[in-house]
Amino acid sequence: MKERIGAVIFLVVVTLVSLVIIYGREKAKREVGGNLHQAKFYQKDLGGIVTCELCPNRCVLSDGQIGTCRARINIKGELYSLVYGKIASMHVDPIEKKPFFHVLPGTNAFSIATAGCNLQCKFCQNWQISQFFPWETQSIYMTPQEVVDSAVKSGANSIAYTYSEPTIFIEYIMDIAKLAHERGLKNVVVSAGFINEEPLRELLKYVDAMKIDFKGFSEKFYEKMTNGHLEPVLKTMKIIKESGVWLEIVNLVVPTENDSDEEIKGLINWVKENLGDSVPLHFTRFHPDYMIQNLPPTPLETMQKARDMALSAGLKYVYTGNVGDSDSESTYCPISKEKVIERKGFFVLSNDLKSGMCSDGEKIPGVWQ
Ligand code: SF4
């Protein structure tokens, strides 16, 4: 009797799970509806299966299946973007908020995002869009032309692809970015850098600057906190640097999880050895968010220590974020040690650079015009 009840319960559970999966697939197909946009970067396999080659997750998808990022779907053996044109968040922000400190200081970035992400960071500050399907967020449809027109109208000097994970809407970025350049706007991408080499190299043709949200200098941290991996992100940063596209790095310092001297030093030394001493490195203070509510904000001493360690190691442009300390948010000439850009939070209080040059003739690297 017990066995029979068990079998019935098992059957009911299997049926319910199957129905949920089928409902999800059908909903996704309906959602795609008239807005089908063919994805790039995938391989067709036998039997209508496709392998998405956009990021290291390399999702293998059968008809109707959606990738881990919630942004790409296999329909009858072709891969489509579920998020092309569907903007879930749109704001005009100071570019310092991204943060980019060596890109057009004191200007605004017209900032957009779609739903979805290929990582699942437990401390995500934008989880309301990054961890949802496009139809679960309030999205508006905008063509690339409409985005660029709105950006120009807003008075922004750049378009920032940000908030969630822009690389999962790479096709949309590339279409917007071409038009943006024609109108004199820069394109800046804020990404976790979890992307494969081929699409990354393609993307870099269209963008002026990339900021990598680096999670922590250990594979253990990446696996536990993000469901991603460290190596692909390190590779991404090297490729960006080699390409000549401007690179800045942000490391969120999470107390007890990625704040050991060993990890901080590991990142600093890796940056110096592989990217040089002039790539801006920002240490950002953690605040409880999403699934990590049990940890306190990062102690201010830890933030200061991380910055001091990087400066002592010879990195020239090291900043702290979410700390409220103007001195560690400002840029200094590495020769004269004079403050050349003074910031407070997201705002530029003064900028003494002339086309990126200090008054003593020292060139500060970045995108200045
Ligand atoms: S981009 Fe999305 S669908 Fe493609 S491999 Fe990564 S998680 Fe999977």
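Model, not experiment: these values are computed from the prediction. In each ligand, atom 1 is the first atom listed, and ligand 1 is the first ligand listed. Hydrogens, waters and symmetry mates are skipped; everything else that's a heavy atom, side chains included, is used.
In this structure, the ring of Tyr172 has its center less than 6.0 angstrom from the ring center of Tyr84.
Considering every non-hydrogen atom in both Ile95 and Val103, the closest pair reads CG2-O, 3.4 Å.
For ligand 1 and Arg58, the ligand atoms under 4.0 Å from any heavy atom of the residue are 5 (S). Remark: ligand 1 atoms within the under-4.0 Å shell around heavy atoms of Gly67 are 3 (S).
Among the atoms of Cys59, an N, O or S atom is found under 2.8 Å from atom 8 (Fe) of ligand 1. In summary, Cys69 places no N/O/S atom under 2.8 Å from atom 6 (Fe) of ligand 1, failing the contact criterion.
Side-chain contact annotation: Asn227 with Tyr222, donor-acceptor N/O pair under 3.5 Å absent.
Protein heavy atom in closest approach to atom 4 (Fe) of ligand 1: Cys52 SG, 2.3 Å. The protein heavy atom nearest to atom 6 (Fe) of ligand 1 is Cys55 SG, 2.3 Å.
The environment of Lys363 atom NZ is dense: over 12 non-hydrogen atoms of other residues, nucleotides or ligands sit within 6.0 angstrom.
When the options Tyr317, Tyr319, Trp246 are evaluated for a ring pair (Phe, Tyr, Trp, His ring centres under 6.0 Å) with Phe101, the one that passes is Tyr319.
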